[in-house]
**Student:** 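What follows is a structure written as structure tokens; I'll ask about it next.
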Amino acid sequence: MYVDSSQGNWSEGLTAYLADHLNQEIDGKGADYRRDQLKAYVDYVRDHQDLPLSDFQGRHGAASQAIGYGKALMLFHMLRTQLGDQLFVQGLQRFYRDHRFSEAGWDAIQAAFEAESGADLSDFFATWTSRPGAPSLALEEISVEPLDDGRWRLSGRLEQTQSSAPFPMSVPIALLDESGSASELLVKMGDQRSAEFTTVLDARPARIAVDPRFDSFRTLAEGESTASLSNLFGAERGVILVPAEAPPELRTAYRQLAEAWQRGQQGWSVALDTELEDLPSDRAIWLLGWRNRWLPALAEIGTEQQSFRLDSAQQRINLLGDDHADQIPVISTRHHGQPLGWVGADSAEAVIGLARKLPHYGKYGYLVFAGSAPTNVVKGQWPAGESSLTRWLSASKPPLAYPSRPTLLEFEAAAVNTASGAGVGN
């Protein structure tokens with residue numbers, strides 16, 4: 001099977017979905033992986049860089065990867081969400097059978113899924129492959145009403161709030177009642193900007209959450225996106241502050257790192273930490289080194305957030321309760337809403353290694369490295385807050401739960417077992 005490049009390169013997104021995403025799904029991390037794709041799109045893709053999937057030919061940087069890999073794999077995931085696992089797998093199988101020795105484009109993929117599902121997918125494929133951008137969602141007018149039979153009616157409205165035209169999509173909404181029972185509702189949004197929904201539950205609703213497992217390609221809502229290195233590497237404007245009091249060899253290494261990261265980024269500048277009277281609040285900031293003049297400002301943020309504590313004299317950091325000394329911490333947070341990052345290396349050799357390695361750790365909010373290579377020993381993402389797409393609806397807050405879903409591998413195994421059992425019975 002070959003890609004019809006006149007319609008864009010669909011193969012990278014499909015490969016990523018059936019390989020990287022599936023592996024993460026098997027490990028129980030599918031939702032985290034999908035959130036990372038949404039965050040990469042927001043952090044790296046600027047308006048002048050955005051393009052429709054039909055124009056994507058290959059990866060040539062973080063922005064094109066976020067579109068041709070991330071957005072494309074999310075298109076396949078949304079198709080699976082809308083059609084269900086069985087029709088999704090059948091559509092893939094038909095696509096392969098029909099085009100394994102020929103060129104194929106997005107129109108061939110559409111035709112295969114329409115043939116298997118009987119659904120008209122023209123609006124879905126036309127919009128998601130020919131338009132750039134992403135929808136933004138909002139949850140409005142939630143109401144809870146007791147019914148005479150002891151059950152409860154839950155109603156509300158889902159809105160697309162972006163300035164561009166609405167995107168056709170089917171958005172999962174997770175529901176939790178006071179008994180702890182979880183259920184899911186699929187809200188279909190066509191050519192209208194809003195969609196009303198109503199459902200009935202056996203017990204009083206306790207919580208409603210729109211797309212909590214990131215099944216839809218969209219911008220992340222407030223509370224869903226935590227600080228990470230991608231906020232810094234994807235920022236259009238920023239300043240990298242080199243420690244003036246660092247030993248000459250270390251200061252030179254930090255300046256080389258700063259100039260390497262600045263290269264090709266017209267909105268970024270490099271300065272000594274002594275050249276600023278205040279930290280700017282209108283652009284991203286990198287602080288370099290344990291001897292950086294502005295490290296107390298970072299330490300104050302960590303203390304306020306109760307996420308990390310710095311001991312500059314001992315070059316020690318307590319990170320989410322764990323102490324790290326004589327190692328190299330890397331932190332991403334926010335200062336007045338702008339990305340703020342820090343690299344705490346104390347040897348020129350380690351700085352040189354970090355200059356090359358750190359751009360590949362964009363999805364992480366904190367890292368710890370060891371040695372002069374250096375080698376990563378700790379990596380993680382900051383805990384997310386409560387999403388603006390979530391509402392608690394009662395004083396009772398049972399443990400969060402979502403309806404279980406099989407992975408594609410589990411679905412295939414179950415389908416094979418069912419077919420084998422049917423064959424034996426016959």
**Student:** If the test is side-chain contact (heavy atoms from CB on, under 4.5 Å), which one of L287, V270, L279, I285 qualifies with V239?
**Tutor:**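 Single pass found, and it is I285.
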**Student:** Any side-chain heavy atom of D32 within less than 4.5 Å of one from F214?
**Tutor:** no
**Student:** Can you find a side-chain donor-acceptor pair between T219 and S136 that sits under 3.5 Å?
**Tutor:**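 Indeed, the side chains of T219 and S136 share at least one donor-acceptor pair under 3.5 Å.
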**Student:** Test L367 against L358 for side-chain contact (heavy atoms from CB on, under 4.5 Å), laying out the working first.
**Tutor:** CA-CA 9 Å; L367 301 154; L358 279 185; 3.7 Å; yes
**Student:** Taking R218 first and then E224, would you say they form a salt bridge - that is, a charged N and a carboxylate O separated by under 4.0 Å?
**Tutor:**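 Salt bridge flag = yes for E224 with R218.
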**Student:** Got a donor-acceptor contact below 3.5 angstrom from the Q256 side chain to the E259 backbone?
**Tutor:**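 Looks like no, no N/O pair under 3.5 Å.
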**Student:** So which heavy atom on A195 is nearest to which on V187, and how close?
**Tutor:** CB-CG1, 3.8 Å
**Student:** Mind checking whether F217 and W128 have parallel, tilted or perpendicular rings, split at 30° and 60°?
**Tutor:**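 Perpendicular.
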**Student:** Pairing donors with acceptors under 3.5 angstrom, does anything connect the side chains of S230 and S228?
**Tutor:**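 Looking only at side-chain atoms, S228 and S230 do form a donor-acceptor pair, the distance falling under 3.5 Å.
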**Student:** Ignoring hydrogens, what is the shortest heavy-atom contact between P168 and D123? Give both atom names and the distance.
**Tutor:** CG-O, 3.7 Å
**Student:** If you measure only the distance, is there a donor-acceptor pair under 3.5 Å linking the side chains of E304 and Q306?
**Tutor:** no
**Student:** Could you point out which residue of Y254, W294, F233 forms a ring-ring contact (aromatic ring centres under 6.0 Å, His included) with W286?
**Tutor:**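 Testing each of Y254, W294, F233 against W286, the sole residue satisfying ring-ring contact (aromatic ring centres under 6.0 Å, His included) is F233.
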**Student:** Is a side-chain donor or acceptor of Q265 paired with a backbone partner of Q262 at a separation under 3.5 angstrom?
**Tutor:**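 No, the answer is negative, given that no donor and acceptor are paired below the 3.5 Å cut-off.
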**Student:** Report the C-alpha separation of L176 and L400 in whole Å, then their side-chain angles, then the decisive distance to 0.1 Å, and conclude whether the side-chain contact (heavy atoms from CB on, under 4.5 Å) test is met.
**Tutor:** CA-CA 8 Å; L176 185 69; L400 295 181; 4.2 Å; yes
**Student:** Could you walk me through whether I208 and L389 satisfy the side-chain contact (heavy atoms from CB on, under 4.5 Å) test, starting with their C-alpha distance in whole Å, then the side-chain angles of each, then the deciding distance to 0.1 Å, before giving a yes or no?
**Tutor:** CA-CA 8 Å; I208 180 173; L389 293 175; over 6 Å; no
**Student:** Would you say that more than 12 heavy atoms from the other residues, nucleotides or ligands in this model lie under 6.0 Å from the CZ of R309, or not?
**Tutor:** no
**Student:** Using the ring centroid of each side chain, check whether F308 and W342 are separated by less than 6.0 Å.
**Tutor:**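 That pair fails the under 6.0 Å test.
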**Student:** Is the distance between the ring centroids of W10 and F56 under 6.0 Å?
**Tutor:** no
**Student:** Determine the minimum heavy-atom distance between P172 and S216, stating which atoms define it.
**Tutor:** CD-OG, 3.9 Å
**Student:** Whether the side chain of E114 engages the backbone of L121 through a donor-acceptor N/O pair (distance < 3.5 Å, no angle test) should be reported.
**Tutor:** yes
**Student:** Check whether any side-chain heavy atom of I328 lies under 4.5 Å from a side-chain heavy atom of D346, and answer yes or no.
**Tutor:** no
**Student:** Is the number of heavy atoms from other residues, nucleotides or ligands within 6.0 Å of CG (D202) greater than 12?
**Tutor:** no
**Student:** What is the minimum heavy-atom distance between Y33 and D20, and which atoms define it?
**Tutor:** OH-CB, 3.4 Å
**Student:** Contact between S183 and L201 at the side-chain level, heavy atoms closer than 4.5 Å - yes or no?
**Tutor:**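 A side-chain contact under 4.5 Å exists here.
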**Student:** Are R35 and Q381 linked by a side-chain donor-acceptor pair shorter than 3.5 Å?
**Tutor:** yes
**Student:** Can you check whether H48 reaches E236 side chain to side chain, under 4.5 Å on heavy atoms?
**Tutor:** yes
**Student:** Are the side chain of D55 and the backbone N or O of L51 linked by a donor-acceptor pair below 3.5 Å?
**Tutor:** no
**Student:** Any side-chain donor paired with an acceptor under 3.5 Å for T198 and S155?
**Tutor:**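 Yes, S155 and T198 have a side-chain donor paired with an acceptor closer than 3.5 Å.
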**Student:** Starting from the C-alpha separation in whole Å, work towards a yes-or-no answer on side-chain contact (heavy atoms from CB on, under 4.5 Å) for L92 and L18.
**Tutor:** CA-CA 11 Å; L92 289 178; L18 297 179; 4.2 Å; yes
**Student:** Determine whether the side chains of S394 and E178 contain a donor N or O and an acceptor N or O closer than 3.5 Å.
**Tutor:** yes
**Student:** Determine whether a donor-acceptor pair (N or O, by modelled atom type, separation under 3.5 Å) exists between the side chain of T303 and the backbone of A299.
**Tutor:**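 Between the backbone of A299 and the side chain of T303 there is a qualifying donor-acceptor contact (under 3.5 Å).
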**Student:** So for atom CG, which belongs to D282, do other residues, nucleotides or ligands contribute more than 12 heavy atoms lying within a distance under 6.0 Å?
**Tutor:**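 Counting other residues, nucleotides and ligands, CG of D282 exceeds 12 neighbours.
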**Student:** V3 versus E103: any side-chain heavy-atom pair under 4.5 Å?
**Tutor:** no
**Student:** Does W290 use its side chain to pair, donor to acceptor, with the backbone of A345 at less than 3.5 Å?
**Tutor:** no
**Student:** If the threshold is 4.0 Å, N to carboxylate O, is there a salt bridge linking E184 and R405?
**Tutor:** yes
**Student:** Which pair of non-hydrogen atoms, one from T161 and one from A138, has the smallest distance, and what is that distance?
**Tutor:** CG2-CB, 3.7 Å
**Student:** Under 4.5 Å between any side-chain heavy atoms of W268 and I240, yes or no?
**Tutor:** yes
**Student:** Can you list the residues that meet the side-chain hydrogen bond (donor to acceptor under 3.5 Å, both in side chains) rule with D120, with sequence neighbours excluded?
**Tutor:** S122
**Student:** Provide the closest heavy-atom pair for M189 versus R193 in the form atom of the first, atom of the second, distance.
**Tutor:**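 For M189 versus R193, the nearest heavy atoms are CE-O, 3.4 Å.
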**Student:** What residues form a side chain to side chain contact (heavy atoms under 4.5 Å, CB included) with Q93, not counting sequence neighbours?
**Tutor:** V89, Q90, R97, E412
**Student:** Taking the side chain from S54 and the backbone from G8, do they hold a donor-acceptor pair closer than 3.5 Å?
**Tutor:**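 Here the side-chain-to-backbone pair does not exist.
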**Student:** Tell me if a side-chain donor or acceptor on D211 pairs with a main-chain N or O of V171 at a distance below 3.5 Å.
**Tutor:** no
**Student:** Does any part of the side chain of K39, heavy atoms only, come nearer than 4.5 Å to the side chain of N231, both counted from C-beta?
**Tutor:**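 Counting from C-beta outward, N231 and K39 do come under 4.5 Å.
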**Student:** Check the side chains of K357 and N376 for a donor-acceptor pair under 3.5 angstrom, ignoring hydrogens and angles.
**Tutor:** no
**Student:** Cut-off 3.5 Å, no hydrogens considered: what does the side-chain donor-acceptor table look like for residues 65-81, sequence neighbours left out?
**Tutor:**
from, atom 1, to, atom 2, distance (Å)
Q65, OE1, R59, NH1, 3.3
Y69, OH, E12, OE1, 3.4
K71, NZ, R131, O, 3.3
K71, NZ, G133, O, 2.9
H77, ND1, Y17, OH, 2.8
H77, NE2, D215, OD1, 2.7
R80, NE, D85, OD1, 2.8
R80, NH1, Y17, OH, 2.8
R80, NH1, E25, OE2, 3.1
R80, NH2, E25, OE2, 3.3
R80, NH2, P406, O, 3.3
T81, OG1, H77, O, 3.0

**Student:** Just by modelled atom types, is the P166 backbone N or O under 3.5 Å from a matching donor or acceptor in the Q160 side chain?
**Tutor:** no
**Student:** Please list, chain by chain and in numerical order, all residues satisfying salt bridge (charged side-chain N to carboxylate O under 4.0 Å, His left out) with E141, sequence neighbours excluded.
**Tutor:** R157
**Student:** With a 4.0 Å cut-off on N to O distance, would you call E386 and R207 a salt bridge?
**Tutor:**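 Here E386 pairs with R207 in a salt bridge, since their nearest N and O are under 4.0 Å apart.
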**Student:** With distance as the sole criterion, is a donor-acceptor pair present between the side chains of Y41 and D50 under 3.5 Å?
**Tutor:** yes
**Student:** Going by salt bridge (charged side-chain N to carboxylate O under 4.0 Å, His left out), name the residues that satisfy it together with R94, two or more places apart in sequence or in a different chain.
**Tutor:**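 By the salt bridge (charged side-chain N to carboxylate O under 4.0 Å, His left out) rule, R94 matches D98, E116.
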**Student:** Quick one: side-chain hydrogen bond (donor to acceptor under 3.5 Å, both in side chains) partners of D149, sequence neighbours excluded?
**Tutor:** R151
**Student:** Would you find a donor on one side and an acceptor on the other, under 3.5 Å apart, between the side chain of Q57 and the backbone of S5?
**Tutor:** yes
**Student:** Does any donor atom in the side chain of H335 or Q338 lie under 3.5 Å from an acceptor atom in the other side chain?
**Tutor:**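 No - no donor-acceptor pair under 3.5 Å links their side chains.
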**Student:** How about F113 and F88: are their ring centroids closer than 6.0 Å?
**Tutor:**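 They qualify: ring centres under 6.0 Å apart.
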